[in-house]
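Keep in mind that what you see is a predicted model, and the values were worked out from it rather than measured. The basis for the numbers below is simple: all heavy atoms, side chains too, and nothing from hydrogens, waters or symmetry mates. Letters A, B, ... are given to chains in the order of the sequence lines, protein chains preceding strands, and every chain is numbered from 1.
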There are 4 protein chains.
Amino acid sequence: MSNNMFNEFLSSESVKLTVKQQRIVQAAIRLFAEKGYSNTSTAEIAKLAEVSEASIFKQYGTKDKLLLALIIPQFKEFFPSMADEVLGQLCRSQSTFEGFLREFLKNRIELALKNKEIFQIIIKELIYKEELKKELIPYIFEVAASRLTQVIELFKERGELTDIPTGKMLKSLFTFVGGFFASQLVLLNKESIDEQEIEDAVRFMLHGIGSSSSNN
Amino acid sequence: MSNNMFNEFLSSESVKLTVKQQRIVQAAIRLFAEKGYSNTSTAEIAKLAEVSEASIFKQYGTKDKLLLALIIPQFKEFFPSMADEVLGQLCRSQSTFEGFLREFLKNRIELALKNKEIFQIIIKELIYKEELKKELIPYIFEVAASRLTQVIELFKERGELTDIPTGKMLKSLFTFVGGFFASQLVLLNKESIDEQEIEDAVRFMLHGIGSSSSNN
Amino acid sequence: MSNNMFNEFLSSESVKLTVKQQRIVQAAIRLFAEKGYSNTSTAEIAKLAEVSEASIFKQYGTKDKLLLALIIPQFKEFFPSMADEVLGQLCRSQSTFEGFLREFLKNRIELALKNKEIFQIIIKELIYKEELKKELIPYIFEVAASRLTQVIELFKERGELTDIPTGKMLKSLFTFVGGFFASQLVLLNKESIDEQEIEDAVRFMLHGIGSSSSNN
Amino acid sequence: MSNNMFNEFLSSESVKLTVKQQRIVQAAIRLFAEKGYSNTSTAEIAKLAEVSEASIFKQYGTKDKLLLALIIPQFKEFFPSMADEVLGQLCRSQSTFEGFLREFLKNRIELALKNKEIFQIIIKELIYKEELKKELIPYIFEVAASRLTQVIELFKERGELTDIPTGKMLKSLFTFVGGFFASQLVLLNKESIDEQEIEDAVRFMLHGIGSSSSNN
DNA sequence: GATGAATGAGTTTTCATTCAT
DNA sequence: CATGAATGAAAACTCATTCAT
């Protein structure tokens, strides 16, 4: 997987797919999500899609590019958009950080659940494939951090957050939110995540589990 | 990987390994950690270990069993022992939950770093291999939860923790601590984790990022 | 490649080609010459010609027929014409065998260089493809030998040639001229062949490298 | 085929081959000689050798390396040895260049016929595969030319050869001898080459076909 | 205990070719 | 005339595993 493959896909336009090509996409997503990229053969994909293997390679060239073609569009939607479409609105419409966090989580969870399988693929391969990791992790950090930093500092000024350095806050939030998505979507393979679960997560991120009297 | 394979290994005694066998173990660990089980061939392992492939199969029978033979002992040490050897002592010796959490994290991190590669394998395959997931996740929950529950309730009685239900606390802690290990060890591939990092994590778990005045 | 395919092409009239069809021809020639027929895919040809693969098959039916369609016309021009257009004129206009040989070589080299790529294809495939060899070698011998025999015997009568049997002379000349074309066009991939080179070749064919005193 | 692959093979020691591995070699030689490298599949080789395809790749890694493993040893024997073992002896034992040429040709033809199939492969692929050409042609020139130059100049001093520059003589001889081997071994696929044929070739190289009176 | 030799069953990928539009 | 879509068949190559020595 070459260095520029990621960028190449980032800018690729979505083309109209034939019925068979859509079946390929569906089959690949299902199998990659279930068994992982490395444990899925193109023959299996072709069989599930009721298509010849040649059709897969005609369209995507290599198995690797097929993976990226599935992942990247979703990736683009989940991360960058977070800033402009989502953050912008949420941030203003919600008067409190708690509200923002709740809406943000709900929103991202909804998106992730709607494309659960692709998310499973992303998380699995992000952790499993060194090359993918090296390409995507920096991207995630850059994009996500730059926007969230603004939000955090906005609410810091409003006095809703402690005076822990923003960088540390980001790290902690990333860790927890990442762990949340990984455990809910991949480890537990949840079909849905109810309100209460989100509420608990928000509460944990804001106040932890210590009693308020034990604050330092 | 059959159902009872896990148990079989759990109870197996550690046998003395020949030099060559040790080299196999070392090579397998390095490669599985780096590239993942599915992307590592027995031929590669044999080559790195400077051993014949046949020797691997003589000892372990299948590639699958080799994986388990590497994972399980570490797994046993990390999780179950957590209760008796570690928890017990820590819990009593530390007067506060914060102290306990700090020592607990330090202790587990130290162990994980000392066997970083095996931990990377465990995390990667836990997420990647459906069968492994199904075998280990319930085990982790059962063992870890049962002991931690005791600790949490002890400190709850001492008033150091909020009155959130213990189950929810456990979930949140699992999520964060799991995310912490996954991101530090696998995604960031850290060689060491400094005190401050641990301090920040403990603080987050206890108090979150919200200002104390915003407590509900 | 069926037996009669060769003959079929030999008699086929050249049809007007559309622009796209010409691009196919150009692309095929370039690639076959460079990499050989067997190492060139129809996909590559189509890509270089900026044409769909289907267009190639529409016109030529099979990859094999495409090869023949490229080779045969050139072949017809190089060999049979040798007799009538070239030999006839040259033979009469030149008073000496040396002059004839020089003009003949010049003339054939000029033609071969003008169509170097096709010549490379012919030589490469003549040597590589058993079927082609079996079809073309006898043809070459028959056509070329029949005419050259006349010339040689004409000059033998004039006393310009030794009394070696004509057949042997032909063989030697074939061997040298064939080797000359193969080495210059294919092995050395020369763009041009200067006068001196031709002079040296003619001299060698006529007198060899032995000193005249060592004649037997 | 990488640049250093050639050198790698040049220095490789001949290892003992098992019966099956010998069958692979035999089968590959036969098929490559008959149909050419590019038109022979590893499956065919395996079938003819009554061996699994995997065995081929276990031993040679790639089809390319198999080709080189067949070609290079023969190549080494045919060209470099020409100098020391052959040339040295021949040159001294024969009093005339004609004698030398005759013995030289006989000797090389004998060797080539004994390994006719490998020679067919070498000639075919030398002409067909650009990469092989680029690796071997310079080698041939360097090795062969350096030794032959000595011989030619020795006999020039003895007055047995004309005063044509040695370089030109070499070129002509190469052209003819190359053409001779290519046509006899590959185009005509001769099983044997009789004395008379060699005699004719020698005579041609020394005196050409022109009558002695027409010398310039 | 160790290994060289061998392989069946796959794996990814390529290719010439067809056909409906 | 031209092509996008599709593919069966085969290509090169890989892999976990077996077994006689």
Take the protein atom [atom1] of [X] and the nucleotide atom [atom2] of [N], then report the distance between them rounded to whole Å.
X: Phe57(A); N: dA9(F); atom1: CZ; atom2: P; answer: 18 Å
X: Ile56(A); N: dG8(F); atom1: CD1; atom2: P; answer: 12 Å
X: Phe32(D); N: dA12(F); atom1: CZ; atom2: C1'; answer: 12 Å
X: Lys47(A); N: dG8(F); atom1: NZ; atom2: P; answer: 14 Å
X: Lys65(C); N: dT17(E); atom1: NZ; atom2: C1'; answer: 12 Å
X: Glu44(B); N: dT17(F); atom1: CD; atom2: P; answer: 15 Å
X: Ile45(A); N: dT13(E); atom1: CD1; atom2: C1'; answer: 14 Å
X: Gln59(A); N: dT14(E); atom1: CD; atom2: P; answer: 15 Å

Task: Counterpart base for dA20(E), defined by Watson-Crick or G-U wobble contacts under 3.5 Å - done: dT3(F)
Task: Pair assignment for dT13(E), Watson-Crick or G-U wobble, requiring both distances under 3.5 Å - done: dA10(F)
TODO: Find out whether the Lys NZ or Arg CZ of Lys63(A) is both under 6.0 angstrom from the six-membered ring centre of Tyr37(A) and within 45° of the ring's axis.
DONE: yes
[X], nearest nucleotide to its side chain (from [options]):
X: Thr62(D); options: dC13(F), dT12(E), dA2(F); value: dC13(F)
X: Ser55(C); options: dA16(E), dT3(F), dT17(F); value: dT3(F)
X: Ser52(D); options: dT7(E), dG4(F), dA16(E); value: dT7(E)

Open item on the list: Quick check: on DNA chain E, is the nucleotide nearest Val19(B) upstream (toward 5') of the one nearest Glu53(A), or the reverse? Name the residue that is more 5'.
Closed with: Val19(B)
Task: Given DNA chain E, 5'-ward residue of the pair Lys20(D) and Lys63(A), judged by closest heavy atom - done: Lys20(D)
Taking any heavy-atom pair under 4.0 Å as a contact, classify [X]: base, sugar-phosphate, or nothing.
X: Lys58(C); result: base
X: Ser41(B); result: sugar-phosphate
X: Gln21(A); result: sugar-phosphate
X: Thr18(A); result: sugar-phosphate

TODO: State, yes or no, whether a side-chain contact exists between Leu68(A) and Leu132(A) at a heavy-atom distance under 4.5 Å.
DONE: yes
Open item on the list: Counting C-beta onward and ignoring hydrogens, is there a side-chain heavy-atom pair between Asn115(C) and Ile29(C) closer than 4.5 Å?
Closed with: no
Open item on the list: On DNA chain F, does the nearest nucleotide to Tyr37(D) precede the nearest nucleotide to Ser38(B) from the 5' side, or the other way round? Give the residue.
Closed with: Tyr37(D)
Open item on the list: Checking the side chain of Tyr128(D) only, and the main-chain atoms of Ser38(D) only, is there a donor and an acceptor separated by less than 3.5 Å?
Closed with: no
Task: Whether Tyr60(A) side chain and Leu67(A) backbone form a donor-acceptor pair below 3.5 Å - done: no
